[in-house]
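What follows is a single structure, written as structure tokens, with notes after it.
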Amino acid sequence: QVQLVESGGGLVQSGGSLRLSCAASGMILSGYTMGWYRQAPGKLRELVARITSGGSTNYVDSVRGRFTISRDNAKNTVYLQMNSLKAEDTGVYYCDARSVQGGYWGQGTQGSVSS
């Protein structure tokens with residue numbers, strides 16, 4: 001079966017960094033558009049960053065210039081490097097894989113930023 005497993009979350013101070021990883025099994029992620037979403041308590045889940053199979057990236061305005069999404073197809077893993085973190089970045093971060101045939105979600109990893 002397909003699994004997406006996020007890791008790398010934790011607690012950091014404002015201005016710090018985290019690197020999230022999303023490791024895929026049961027699928028070859030090179031054929032998917034990969035995304036990172038986040039959800040804070042009481043808020044809707046929002047798309048933070050996306051990377052296509054061709055390597056094109058998109059970011060929500062609030063993280064552009066601070067976050068970098070990347071993929072390592074050989075490791076079947078996608079990453080989200082988060083720098084200059086703010087308290088507003090706090091939330092559960094989810095990995096997502098999308099193709100024309102369907103999509104998958106990971107279980108999420110908690111990222112917390114203290115002000």
Side-chain angles (χ1 to χ4, degrees):
Q1 80 282 16
V2 171
Q3 284 192 326
L4 299 175
V5 180
E6 301 95 332
S7 62
L11 175 63
V12 297
Q13 294 182 335
S14 296
S17 297
L18 288 170
R19 190 173 87 136
L20 308 183
S21 298
C22 173
S25 61
M27 61 174 287
I28 301 174
L29 63 73
S30 61
Y32 290 80
T33 291
M34 305 297 297
W36 284 98
Y37 292 74
R38 71 184 175 197
Q39 187 169 26
K43 294 185 178 180
L44 297 174
R45 189 177 301 185
E46 67 171 343
L47 177 64
V48 175
R50 175 174 286 163
I51 184 167
T52 69
S53 60
S56 298
T57 59
N58 285 293
Y59 301 91
V60 68
D61 288 345
S62 61
V63 310
R64 188 174 293 109
R66 300 187 297 119
F67 290 12
T68 302
I69 187 171
S70 62
R71 62 196 302 157
D72 187 337
N73 290 337
K75 296 182 178 179
N76 223 30
T77 301
V78 64
Y79 304 94
L80 185 67
Q81 179 68 46
M82 305 190 293
N83 298 326
S84 302
L85 283 163
K86 307 174 181 179
E88 307 90 84
D89 296 317
T90 294
V92 178
Y93 285 76
Y94 297 90
C95 180
D96 170 80
R98 300 284 180 89
S99 76
V100 69
Q101 300 177 3
Y104 305 95
W105 290 96
Q107 85 290 342
T109 185
Q110 176 71 43
S112 299
V113 185
S114 61
S115 60

Minimum heavy-atom distance between [X] and [Y], given as atom pair plus value:
X: Ser70; Y: Ile51; result: CA-CD1, 4.0 Å
X: Thr90; Y: Ala40; result: O-CB, 3.8 Å
X: Ala87; Y: Ser115; result: CB-CB, 4.1 Å
X: Leu11; Y: Val113; result: CD1-N, 4.4 Å
X: Leu80; Y: Ala49; result: CD1-CB, 4.0 Å
X: Arg38; Y: Ser62; result: NH2-OG, 3.5 Å

> Below 4.0 angstrom, N of the basic side chain to O of the carboxylate: do Asp89 and Lys86 qualify?
Replying inline: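 Result for this pair is no, no salt bridge flagged.
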Donor-acceptor contact present, side-chain [X] to main-chain [Y], <3.5 Å:
X: Thr52; Y: Thr33; answer: no
X: Glu6; Y: Gly108; answer: yes
X: Asp72; Y: Thr77; answer: no
X: Ser14; Y: Ser114; answer: yes

>> Is there a side chain to side chain contact (heavy atoms under 4.5 Å, CB included) between Phe67 and Leu85? Walk through the geometry before answering.
In response: CA-CA 9 Å; Phe67 290 12; Leu85 283 163; 3.8 Å; yes
How long is the span from the [atom1] atom in [X] to the [atom2] atom in [Y], to the nearest 0.5 Å?
X: Ile69; Y: Gln81; atom1: CD1; atom2: CD; result: 12.0 Å
X: Asp96; Y: Leu4; atom1: CG; atom2: CG; result: 8.0 Å
X: Gln1; Y: Met27; atom1: CD; atom2: CE; result: 12.5 Å

> Members other than Tyr37 in its cluster, when Ile, Leu, Val, Met, Phe, Trp, Tyr link by side-chain heavy atoms under 4.5 Å?
Replying inline: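 Direct or chained contacts put Tyr37 with Leu47, Val92, Tyr94, Trp105.
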>> side chain to side chain contact (heavy atoms under 4.5 Å, CB included), that's the test. Do Thr109 and Ser7 meet it? Break it down for me.
In response: CA-CA 6 Å; Thr109 185; Ser7 62; 5.6 Å; no
> Are Val2 and Met34 connected in a single hydrophobic cluster, I mean Ile/Leu/Val/Met/Phe/Trp/Tyr linked by side-chain heavy atoms less than 4.5 Å apart?
Replying inline: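 Yes, it is one cluster - the side chains of Met34 and Val2 are joined through contacts under 4.5 Å.
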> Mind checking whether Tyr32 and Tyr79 sit in one hydrophobic cluster, side chains of I, L, V, M, F, W, Y counted as touching below 4.5 Å?
Replying inline: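 In one cluster with Tyr32: Tyr79, no.
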>> As a quick check of understanding, evaluate side chain to side chain contact (heavy atoms under 4.5 Å, CB included) for Trp36 and Cys95, giving each step before the final call.
In response: CA-CA 5 Å; Trp36 284 98; Cys95 180; 4.2 Å; yes
> Going through the checks in order, is the side chain to side chain contact (heavy atoms under 4.5 Å, CB included) test met by Met82 and Val63?
Replying inline: CA-CA 8 Å; Met82 305 190 293; Val63 310; over 6 Å; no
